[in-house]
Protein chains: 2
Amino acid sequence: MTQQRITITDSTLRDGMHTVSHQFTPNDMAEIASALDQAGVDIIEIGHGDGLAGASYQYGFSQAADEDYVRAVCNVVKQAKVAVLLLPGIGTKRDLQIAADLGARAARIATHVTEADISEQHIKVSKDLGLFTVGFLMMAHMEEPNKLVEQAKKMESYGADVVYVTDSAGALLPDGVRARVSALREAVSIPVGFHAHNNLGVAVGNTLAALSEGAGYVDGSLRGMGAGAGNAQTEVMVAALHKAGFQTGTDLAKLIHAAEDVVAPKMTRPQIIDSVALILGYAGVYSSFFLHAKRAAERFGVDPLAILVELGKQRIVGGQEDQIIDVAYELSKKERVGALL
Amino acid sequence: MTQQRITITDSTLRDGMHTVSHQFTPNDMAEIASALDQAGVDIIEIGHGDGLAGASYQYGFSQAADEDYVRAVCNVVKQAKVAVLLLPGIGTKRDLQIAADLGARAARIATHVTEADISEQHIKVSKDLGLFTVGFLMMAHMEEPNKLVEQAKKMESYGADVVYVTDSAGALLPDGVRARVSALREAVSIPVGFHAHNNLGVAVGNTLAALSEGAGYVDGSLRGMGAGAGNAQTEVMVAALHKAGFQTGTDLAKLIHAAEDVVAPKMTRPQIIDSVALILGYAGVYSSFFLHAKRAAERFGVDPLAILVELGKQRIVGGQEDQIIDVAYELSKKERVGALL
């Protein structure tokens with residue numbers, strides 16, 4: 001049996017914010033963070049679902065400002081590192097500085113899987129601020145392992161402490177996870193992490209696959225809260241990890257308490273795999289495309305799921321939202337969803 | 001890429017009955033079965049959650065009688081085999097005869113993993129009735145692969161057409177599934193099936209693991225409906241299978257429609273992994289023990305989760321419900337759940 005000590009990051013208070021339309025209050029966050037801290041979670045990621053400065057018309061407004069969340073959580077957390085997420089282009093160096101001043105001790109710098117280049121400045125600033133710094137390669141299903149290796153090496157060269165295979169769309173299956181994690185493990189000398197989404201029902205299965213290839217960092221969220229179909233469910237993932245012989249610093253009974261008694265009463269909807277979440281994973285497209293697809297679908301009288309499938313085929317990525325209209329228009333002239341699946 | 005044709009059994013209308021306290025009406029069943037049939041599912045299992053004659057004070061009463069369900073479903077299903085479940089000791093040969101007369105074309109004969117002996121009579125009757133007959137070895141996590149092999153061979157010798165590794169408690173992880181399925185594949189000449197529960201979040205992951213070892217039959221239920229944390233979610237499982245290169249006879253778009261538009265509106269609660277479901281899987285105990293544990297917990301002022309963990313350690317199985325009181329009493333003198341996890 002493996003007895004490796006795995007580092008757990010919980011993202012209930014960041015990725016999970018998507019599930020509540022970013023409406024947790026600073027008090028909610030403090031309460032949940034405190035429960036996570038007492039349960040022994042290593043890193044607690046907080047803030048708007050799209051990271052620092054994510055609150056906007058495009059991504060939706062959070063209930064409070066970044067500073068209010070960081071302050072509230074850092075006031076109560078005693079052991080864990082409080083982390084913020086930064087997507088270069090959305091958040092800025094100044095946002096990172098403010099978070100660090102208020103007590104954040106870790107930052108995850110996230111880019112599209114092919115764009116590690118744009119993380120250089122922020123990874124370096126994060127390190128200069130003394131933060132534990134994670135390079136987060138999103139939409140990792142879109143590129144083969146050798147491309148991921150090239151990008152991970154860049155993040156390592158900028159000073160990242162860990163590099164993550166981030167399955168943003170929940171589009172990977174265990175074999176794909178194993179291939180990517182093992183390639184990174186061979187190529188970089190920093191630890192490798194894995195962040196799952198559950199769109200194909202394999203968030204925990206993929207996490208176990210990542211660990212079998214030597215990943216040292218894995219993510220979850222209580223009750224599985226997160227974008228799309230949500231993340232690996234922290235308390236379930238930890239139970240599976242312990243059963244598989246991995247060590248974590250967490251107390252399973254306290255995690256279960258945090259999920260059931262602290263988080264569940266604050267949820268406004270259960271985290272399930274509905275048709276939209278499933279198709280996002282199956283097609284491998286960004287969660288945030290769904291609203292665009294829905295609007296375009298209504299305008300052209302086509303199935304929004306068919307639009308998502310086609311966006312996946314055309315490998316449309318964030319920033320190319322304008323092409324969704326074109327796809328809807330083309331589809332209105334031909335296919336229904338059945339033919340596309 | 002594998003191109004094996006996998007046989008899909010959907011158990012929304014049998015295992016999923018647990019999620020609605022066995023209250024689907026014959027009309028509900030007909031409507032859902034028709035959607036499953038149109039989506040190309042091979043086998044549609046129906047009836048009380050605990051199989052033929054399961055309706056009782058002990059297991060809960062279903063909304064209608066076995067005959068009403070079988071009749072209603074067989075009236076609308078055109079392609080799929082309609083299946084019933086029989087647990088020797090609960091259902092009888094006569095129940096099987098009636099189901100066959102009304103149009104059922106398959107039967108799953110289920111025993112505890114060590115008790116294949118008691119399936120002989122019913123497997124033979126089922127075969128004599130011309131039914132496609134599945135041997136269903138429940139609680140498969142409790143025994144090592146060599147013990148499973150011994151039991152599976154018995155079912156094969158009685159005439160079973162398929163033998164299943166049934167993870168009733170959702171207690172297996174992918175490695176455990178692979179070990180059991182591969183052992184059976186080597187030892188028997190009939191196809192091997194796998195039935196997952198999602199208590200540790202790995203129902204789909206375990207199903208993929210079973211397929212990687214050559215399982216030819218797998219089960220799911222729409223929206224994951226089923227005892228405990230539910231089953232592999234059929235529409236999600238099929239999406240994952242297709243993505244992994246396996247062929248099924250199903251139309252994914254139609255399965256998604258059946259889940260979202262036909263089943264979801266009839267559900268009275270979402271199928272999630274709550275603390276009880278998680279602990280049932282972690283401890284590896286029967287779902288039906290929870291109510292007993294809850295009553296005993298109240299009586300002795302201990303945490304019901306702690307009772308479940310202890311029942312798992314003591315390997316208490318169905319029929320030994322009286323020992324739950326003893327466990328609760330012993331626990332009241334010492335431990336809290338945290339210490340047990």
Side-chain angles (χ1 to χ4, degrees), chain A residues 171-176 198-209 212 220 223-224 229 232-233 235-244 251-257 259-261 264 269-279 281-282 284 303 305-306 309 336-341, chain B residues 171-176 198-209 212 220 223-224 229 232-233 235-237 239-244 251-257 259-261 264 269-279 281-284 303 305-306 309 336-341:
Chain A
L172 287 174
L173 295 175
D175 287 346
N198 201 37
N199 301 62
L200 293 174
V202 284
V204 176
N206 280 349
T207 301
L208 289 168
S212 74
R223 285 286 168 118
Q233 190 171 335
E235 67 279 19
V236 175
M237 176 182 80
V238 164
L241 261 59
H242 290 184
K243 205 157 184 179
D251 178 323
L252 179 56
K254 288 183 180 171
L255 280 177
I256 290 173
H257 159 69
E260 186 104 350
D261 304 319
R269 63 181 176 90
Q271 189 76 54
I272 60 167
I273 310 176
D274 63 11
S275 64
V276 173
L278 173 54
I279 290 294
Y282 184 77
D303 189 325
L305 301 185
V309 171
R336 60 175 203 89
V337 66
L340 284 165
L341 292 175
Chain B
L172 286 173
L173 295 174
D175 287 347
N198 201 37
N199 302 61
L200 292 175
V202 285
V204 177
N206 280 350
T207 301
L208 289 168
S212 74
R223 284 286 169 117
Q233 190 171 335
E235 67 280 18
V236 175
M237 176 183 79
L241 261 59
H242 289 183
K243 206 158 183 177
D251 177 323
L252 179 56
K254 288 182 181 171
L255 280 176
I256 290 173
H257 159 70
E260 187 103 352
D261 304 319
R269 63 180 177 90
Q271 189 76 55
I272 59 167
I273 310 175
D274 63 11
S275 64
V276 173
L278 173 55
I279 290 294
Y282 184 77
D303 189 325
L305 301 186
V309 170
R336 57 173 207 89
V337 66
L340 284 165
L341 294 175

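The chains referred to below are lettered A, B, ... by the order of the sequence lines, with proteins before strands, and numbering in each begins at 1.
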Checklist entry - For A:Asp175, is it the side chain, the backbone, both, or neither that has a heavy atom closer than 4.5 Å to a heavy atom of chain B? => result neither
Checklist entry - Top residue by heavy-atom pair count (under 4.5 Å) with chain B, among A:Gly205, A:Ala240, A:Ala259? => result A:Ala240
Next on the checklist: Under a 3.5 Å distance rule, please check whether B:Lys243 uses its side chain to pair with a backbone N or O of A:Ala171 as donor and acceptor.
Outcome noted: yes
Next on the checklist: Donor-acceptor pair, distance only, cut-off 3.5 Å: does the side chain of B:Glu260 make one with the backbone of A:Asp274?
Outcome noted: no
Item to check | Interatomic spacing from CD in B:Glu235 to CD1 in A:Ile279 - rounded to 0.5 Å | outcome: 10.0 Å
Item to check | Portion of A:Leu278 that has a non-hydrogen atom of chain B nearer than 4.5 angstrom | outcome: side chain
Next on the checklist: Among B:Leu200, B:Leu173, B:Val202, which residue satisfies the side-chain contact (heavy atoms from CB on, under 4.5 Å) criterion with A:Val204?
Outcome noted: B:Val202
Next on the checklist: Looking at chain A, which one of B:Ala277, B:Pro270, B:Ser275 has the largest number of heavy-atom pairs inside 4.5 Å, strictly under?
Outcome noted: B:Ser275
Item to check | Result of checking A:Gln271, A:Arg223, A:Gln233 against B:Ile272 for side-chain contact (heavy atoms from CB on, under 4.5 Å) | outcome: A:Arg223
Checklist entry - Does the side chain to side chain contact (heavy atoms under 4.5 Å, CB included) test come out yes or no for A:Val236 and B:Tyr282, once each step is laid out? => result CA-CA 9 Å; A:Val236 175; B:Tyr282 184 77; over 6 Å; no
